[in-house]
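Structure first, commentary second.
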Amino acid sequence: MGFSPASPRVNFPELEERILGFWAEQDVFRKTLEARQGCPQFTFYEGPPTANGLPGVHHVLARAYKDAIPRYRTMRGYFVPRKAGWDTHGLPVEIEVEKELGINSKREIEAYGVAEFNRRCKESVFRYEREWVRLSERIGFWLDYERPYVTYSNEYIESVWWILRQLWDRGLLYQGYKVVPYCPRCGTPLSSHEVALGYRETDDPSVIVRLRLTEQPGTSLLVWTTTPWTLPANVACAVHPQVAYVKARQGDEVLVVAKDLADAVLQGSYEVLEEVRGESLVGLKYEPLFRFYPEGDRLWRVWAAEFVTTEEGTGVVHMAPAYGEEDMELARRHGLPVFHPVGPDGRYTEEVPPWAGRFVKDADPEIVEDLRQRGLLYRAGTYRHTYPFCWRCDSPLLYYARTSWHVAVTRCKEQLLRANEQIRWVPEHIQRGRFGNWLENVVDWALSRERYWGTPLPIWVCEACGLQHCVGSLAELREMAAEPLPQPLDLHRPYVDGVRLRCPRCGGILRRVPDLIDVWFDSGAMPVAQWHYPFENQEWFERSFPADYICEGIDQTRGWFYSLHAISVLLFDRPAYRNCVCLELVLDEHGEKMSKSRGNVLDPWSLIQRFGADALRWFFFSVSPPGMPKRLGPAAVEEVVRRFFLTLWNTYVFFTTYASLDRFDPLRWPAPTVNERPALDRWLLSRLAGLVAEATEAMEAYNPTDAARAVERFVEDLSTWYVRRGRRRYWKARDVQDQRSAYHTLYEALVTTAKVMAPLAPFLSEELYQGLVRAVDDGAPVSVHLTDWPQAREQDRDVELERAMEEARWVASLGRAARSRARIRVRQPLASAVVVAPQSLLHRYPELVEYVSEELNCKRVELVGQDSARVEYEVRPRFDVLGPRYGPKVQELAAALDRLSPAEARRVALEGRAVVELAGEQVELGPEELDVRVRQREGFVAEAGRGFVVVLDTRITPELRREGLVRELVHHVQQARREAELRVDQRIVLSVAGPAEVVEAVREHRAAVAEEVLADRVELARELEGFRREVSILGEPVTLVLQPLP
RNA sequence: GGGCCCUUAGCUCAGGUGGUCAGAGCGCGGUCCUGAUAAGACCGAGGUCCGUGGUUCGAGUCCACGAGGGCCCA
C-alpha cells in the first residue's frame, strides 16, 4: 500500500477506457444503487430517444446533463433508479422504412402489406440501439439499459389504453369534424406540436380576385388569398361589421375594399364613391367563381365576422369551410354547406373536373390563369411568409377538414397552468415564457393518426347500433371479443384491426376505428406506462411519480415536456416533473447550426477519441449555462484538457511523486489541527470549504455550470499559487510539522476536488480517487461514485484570510511587474522591497508578506502604512457611501478633494480625515468616507495599483550577485538533471568549470548548491566523466558535468 | 405580426441588489520563472460594453425605442 508516482504523460481517452473496464468488472453502477437501497428516492425520467438514427454530439450534451444530477444525488444519499427507454412508434420510423422500400404513399404501403410493413418498422427501431448504448456507456451515462421501457410492447400499449380509457370515461376524448393541419404525403393529420416543428419561410402565390356582386353589375368585392386552390371550395365571404369599407371607382369598374387597405390594394388611382360600414354589405350575393356546385340560396353571400382584420389583404375574406378553422366555424353557425373537393392524398377529386387528380398546390397557377382568362383576377404576385411543412417528410401541410379524435385539453387549461407553477425551470424564463405561453394558447390535442405503425386508438364502434366503446385493458378486450383472441397477441395493426367485439347494447359487432394515436402521446405516457401501471408495479409507480428531474433540448417544450405535462395533469392534476432543465442547441465552431445538409455535423466519437469523454462533458458543463447555445469544435475541447485537466493532473503528479518518496501515509501521519497549520494551508482549506459550499449550492440548483467553474477556479489557485508557493515544503522538508501540514492539506484538497468533480467528470475523478484514496486505504469505498458528497467545513472558512491572500497575490504581481520594468530577473536575489499599503489586511498577516518575499526573491519585504518619501497620495470620495447622502453634491466633494495639494493629500491620507468646503460650509469626512490611494513617485522602481505601491531596492551588491549566479547555476544543473533523465532522488557528483566569478560563487555556497541538486560532492577543480553540458551563465560559458552515483 | 433569449477584447465567456480605473481564458508579440507542469508569471497590442434616447450626482448594469442574431408561436 502506498502512493505510486503518476506519470506526467497522460492519455485521457486511454485512462477512461481503463476506468470503464474497472466499473464493469466491479459492477460499480449496480453497487451505487444497492448502496442507497432504502434511502429516500430521487426520480429521474429518461426521455426516450428514437434509436433509428445515429446519436450526435447534441445527444452527448443532453446525456451528460442527464447523468450529472443523478450521480450528484446518489452521492448525497438518495436512491436514484434510472430506467432507459426507447421511443419506437410513429412517422419517423415509418418514413425510414418507406425510404428503404423505395415507396412513398399509403397506397403503396397497403399494397406492400401492413403486417410486413410493421414488422420492418419494429425491426428498424433498434437498428442503432447498440450505437446508442455504446456511446452512452462510453460517455459514462449510467442508465439501466438492460430493462428499458419500450413503447411498442403490449404492456406499454396496454397502459396507454388505460390512460385513454380514463380520459374517455371523463368525456375528454371526442371525435370531431375539424380543420386540422394535414400532411397530404403522409395522409394524416398532425398535432399542433408537430406542426410547430416544421415552420419554414416560403413563397406562395398572392392573388386578389373579384367577386362580382349579382345585383350591382360592374361592382366587385376584392378578396385576397395565398391558397388559390381553396377557391373552388368557396361558399361565402366575410367582412367585419364595424370596419369602414369604400366603394371605389377605378377605370370602368367599382371595387369594394376596407378603407384602410384601399391604397395598398388599389395600386393605381381611384375615386371613392361611397364609404360604408361592413354591416351594410352583409347579405349581398355574388357570382361564384366556379360552377362546380349547384346554386343555393344561402350560398355565395357576404357574412359578418369579428375575426376579419385590416392588417393584411383587402378586408374581405374568402371562406372555404373545409380549409380553415374560422371558415368552418362560420359555415356551421350559418348552416352553409362544406365543399371538400380534395382527397386524402391532397389531390382534387372528380368534383373539380378541370384539375381532378392534380395535387392542389400544383394546380395553383392553373387556377390563377383560369381566373385571369375569365376576368376575375385583379392582381397576382408572390408572398413570402412562414408556413408549416411536415416535420418528417417536408411536404407543405394543408389545413383540411377531417374527422379525427381529440383530447379536450382546453378544458383543463387552468390546471395545466397551476401545475406549471410547481415546476422549477432552468432557465427560469421558460416557465412564464415559452412553456407558459404555450399553455396559455393550448388547443385540443389532435390525437388520431391515419397511419400504420403506432399505438392503436382503442375505440371500437358497433356496426349495428353505433355504440362507441373505449377498451381500457387486455382483460376487457378478451372479455368482449366476439372470437378468441389470436395467439400470440400483437396489439398493432393489422392484427388488432381483426379483433371484433360483441356489442353490450345490441349484441351486434364492434369494429375498431382505423386510427392510431400521436406518437407524442406514447412518450408522454411514460411515467405510467414504463411500469405497466396500473396492471403491475403499483408501488414502483407511486414511488416514482412525479419525477424530480428531467432534462432535454428546449425544443421539447412543445414535445415531450408538454405531452408529459398534459397527460399527467389530465390524469392526476399534478405536474409530471418538479425540475426541468432545457438545453440549447450545439452549434459548430462558427456558430452555425449543425445539419447534414451543411455538412458540419461533428461526430462525437472523433472528439471522445482525441480528448476523452470527460473533456467533452466538462466543456458542455462549463462553457455556458444550459439554456445558452454552445459553439463546439476540437479546439474548444482541447482547451479544456490543457487549461483544466492537465493543470489538475500535474498537481496530482506532483503530490504522488513526493508523497511516494516520503512515504506519506494520510491514515497514520498525525494531522495538525487547522489552527496549527500555516496561513498558506489555512487559506487553501478555506478556499476548499468555499468550493464545496459553492458546488453544493450550484448542484442543488440544477446548475452544473457554476459548479464546474468553481472547481476550475479552485484548481487554478491550487496549482498556480498553493503548490507554486509551497513546493519546498514537501520532499526534503526540514520542518516535520510543516511538512505534515503540507501533505495533509494538499491531500485533502485533491481528494475533495475529486469528489466534487465526480458527477461532472466521472472518469478523471475516479482515477484520482483510486490513486489517492484506494492506494492507501483498503477500507475505503471501491469507487469515488460510492462515496458521500463532501460536507463544506464552515469552520475552515476564513473570508478575511482569503481577501488578504488576494492582496498578497496582487502585491506579488506588482513586484514582478516592477522587476520586469527594472529588467532584473527573478533569479537575481534583491535585498529588499517596500510595500506601501495604507489600508491593507496584510498588516495583520505577516506570514503572507513572507510568501510575497519568496515569490519576489527579495530577502526582506517591508510592509508600511505610509511612506511620504516614495509615494504620493490621492484622495477621492467613497461614492457608494457619500453618493446617497450628498446626491448631486458628491461631484463637488470629488472636485474639492481633487484640488488638494500633494502635501494636503498626504496629510489627509495619514490622518484619515479631510475637511473640505461645500457650498460655503465646512464638511468633515472620516476614514469610512474616503478612498485613499497611493501612487509611486518618480525616481523609484515601483508599481502601483488598487491602493498598493511596491518599491524595489534595485542595488545588487557583490554578495547578491554571487547568490544570483548560484541560483542561475542551480537552475542549469536541474535542467541538466532533467535532460539526463535522472530519477528525481538520484544522487550525483557535480563538477563546475567556468569563469572565476562563477567558481568563486559556487565555492562560497557549495553546501547549498550540493543540497539543492542532490550532489554528494561539488568539484570545482577537476572535470568528471558523466553527463556533460555547456551552459551560459550571464553570458559566460560554463561546463557542468553530472556523474550519477550508484 | 406576437413571445422569449442573446449582443462586453480577434475567439470563448465572467461581470448579486447602479458607485466612477470593465475582467478572465485562448490567440498574438516580447520578457521571465520552474526538478509537478504539455504548465505558470509579467509587460504590450487589442473595448463606441450593439445603437439612440431617458432615469440618476453616477449606467455595461435600470427604462423606452431601434438594429442584428437565435429559438418558438401565428
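Computed over heavy atoms, backbone and side chain alike; hydrogens, waters and symmetry mates excluded. The sequence lines fix the lettering, A, B, ..., with proteins before strands; numbering per chain opens at 1.
Using atom C1' as the reference point in both B:A22 and B:G46, the two lie 14 Å apart (nearest Å). Atom P of B:U17 sits at a distance of 16 Å from the matching atom of B:C5, rounded to the whole Å. Distance noted for atom C1' between B:C21 and B:G3: 40 Å (whole Å). Only the C1' atoms considered, B:A14 is 12 Å distant from B:G60, to the nearest whole Å. Atom C1' of B:C65 sits at a distance of 36 Å from the matching atom of B:G25, rounded to the whole Å. Comparing the C1' positions of B:A24 and B:G15 gives a spacing of 10 Å, expressed to the nearest Å. The same atom, C1', is picked in B:G70 and in B:U34; the two are 46 Å apart, to the nearest Å. Only the C1' atoms considered, B:G44 is 14 Å distant from B:G27, to the nearest whole Å.
Across the protein-nucleic acid pair, A:Tyr743 atom OH and B:A36 atom C1' stand 12 Å apart, rounded to whole Å. If you take CD of A:Glu892 and P of B:G58, they are 13 Å apart, rounded to a whole angstrom. Residue A:Leu814 contributes atom CG, which lies 13 Å from atom C1' of B:A41 at whole-angstrom precision. The separation between A:Arg728 atom CZ and B:C33 atom P is 15 Å, rounded to whole Å. Atom P of nucleotide B:C43 and atom CG of A:Leu952 are separated by 13 Å, given to the nearest angstrom. One can place CD1 of A:Ile824 at 14 Å from C1' of B:C42, the figure rounded to the nearest angstrom. The CZ-P distance, from A:Arg558 to B:C4, rounds to 12 Å in whole Å. Counting to the nearest Å, the P atom of B:C4 and the CD atom of A:Gln556 are 22 Å from each other.
Under the 6.0 Å cut-off for aromatic ring centres, A:Trp438 and A:Phe561 do not qualify, their centroids lying 6.0 Å or more apart. When ring centroids are compared, A:Tyr399 and A:Tyr323 stay outside the 6.0 Å threshold.
Under the Watson-Crick and G-U wobble criteria, each requiring two contacts below 3.5 Å, nucleotide B:U48 is left unpaired. As the counterpart of B:C62, B:G54 is assigned, both hydrogen-bonding distances of the Watson-Crick or G-U wobble pattern falling under 3.5 Å. A 3.5 Å limit on both hydrogen-bonding distances identifies B:U12 as the Watson-Crick or G-U partner of B:A24. The nucleotide B:C42 finds its pairing partner in B:G30, both defining distances of the Watson-Crick or G-U wobble pair being shorter than 3.5 Å. Under the Watson-Crick or G-U wobble criterion, with both distances below 3.5 Å, B:U7 is paired with B:A67. Pair assignment for B:U17: none, as no Watson-Crick or G-U wobble contacts are both less than 3.5 Å. With a cut-off of 3.5 Å on both pairing distances, the Watson-Crick or G-U wobble partner of B:G1 is B:C73.
A:Val653 comes within 4.0 angstrom of the backbone, heavy atoms only, and of no base. In this structure, A:Thr656 reaches neither bases nor backbone, as no heavy-atom distance under 4.0 Å exists between it and the strands shown. Across all strands, A:Leu982 comes closer than 4.0 Å to base atoms (heavy-atom distances). Across all strands, A:Val826 comes closer than 4.0 Å only to sugar-phosphate atoms, never to a base (heavy-atom distances). Nucleic acid contact class of A:Val641 (heavy atoms, under 4.0 Å, all strands): none. Looking at heavy-atom distances under 4.0 Å, A:Pro625 makes contact with sugar-phosphate atoms alone, never a base. The residue A:Arg967 sits close only to the backbone: its heavy atoms come under 4.0 Å of sugar-phosphate atoms, none of a base. Backbone-only contact: A:Ala817 has heavy atoms under 4.0 Å from sugar-phosphate atoms and none from a base. Within 4.0 Å (heavy atoms only), A:Arg878 reaches no atom of the nucleic acid at all. If you check every strand for non-hydrogen atoms under 4.0 Å, A:Arg819 touches nothing. Note on A:Thr657: nothing from the nucleic acid sits closer than 4.0 angstrom, heavy atoms only. At the heavy-atom level, A:Pro884 lies under 4.0 Å from base atoms of the strands shown.
Contact annotation: A:Tyr886 does not reach the phosphate of B:C57 (side-chain N/O to OP1 or OP2, under 4.0 Å). Residue A:Arg643 places none of its side-chain N or O atoms closer than 4.0 Å to OP1 or OP2 of B:G25. Phosphate contact (OP1/OP2 of B:C32, side-chain N/O of A:Arg823, threshold under 4.0 Å): absent. The side chain of A:Ser813 places an N or O atom within less than 4.0 Å of a non-bridging phosphate oxygen (OP1 or OP2) of B:C42. For A:Arg642, no side-chain nitrogen or oxygen approaches OP1 or OP2 of B:A38 to under 4.0 Å.
Both A:Gly887 and A:Ala818 lie close to RNA chain B; mapped to their nearest nucleotides by heavy-atom distance, the more 5′-ward contact belongs to A:Ala818. For the pair A:Glu584 and A:Ala812, nearest-nucleotide mapping onto RNA chain B gives the more 5' position to A:Ala812.
Of all nucleotides listed (B:A41, B:C57, B:U37), B:U37 comes nearest to the side chain of A:Arg978. Of the candidate nucleotides B:U12, B:C57, B:C71, B:U12 has the atom nearest to the side chain of A:Val623. Side chain of A:Arg9, nearest nucleotide from B:A38, B:A39, B:C72: B:A38. Minimum atom distance to the side chain of A:Arg816 is reached by B:C42, of the listed B:C13, B:C42, B:U34. Minimum atom distance to the side chain of A:Arg825 is reached by B:C33, of the listed B:C13, B:C33, B:A41. Closest approach to the A:Ser719 side chain among B:A36, B:C33, B:C71 is made by B:A36 (side chain taken as heavy atoms from C-beta onward).
A salt bridge does not link A:Arg643 with A:Glu716: none of the charged nitrogens is closer than 4.0 Å to a carboxylate oxygen. A salt bridge is absent between A:Lys413 and A:Asp444; no separation between the charged side-chain nitrogens and carboxylate oxygens falls under 4.0 Å. Looking at A:Arg724 and A:Glu854, no side-chain N of the basic residue comes within less than 4.0 Å of a carboxylate O on the acidic one, giving no salt bridge.
Side chains of A:Asp662 and A:Tyr730: a donor-acceptor N/O pair is absent below 3.5 angstrom, by distance only.
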From CA spacing to verdict: ring pair (Phe, Tyr, Trp, His ring centres under 6.0 Å), A:Phe645, A:Phe12: CA-CA 9 Å; A:Phe645 282 14; A:Phe12 290 111; 5.6 Å; yes
Derivation and outcome, ring pair (Phe, Tyr, Trp, His ring centres under 6.0 Å), residues A:Tyr652 and A:Trp649: CA-CA 5 Å; A:Tyr652 169 69; A:Trp649 185 260; 5.1 Å; yes
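At a cut-off of 3.5 angstrom, the base of B:U37 holds at least one donor-acceptor pair with the side chain of A:Arg727. A:Arg434 contributes a side-chain N or O that forms a donor-acceptor pair with the base of B:C71 under 3.5 Å.
The side-chain heavy atoms of A:Leu583 and A:Cys551, taken from C-beta on, include a pair separated by under 4.5 Å.
Heavy atoms from other residues, nucleotides or ligands lying under 6.0 Å from CZ of A:Arg827 number more than 12.
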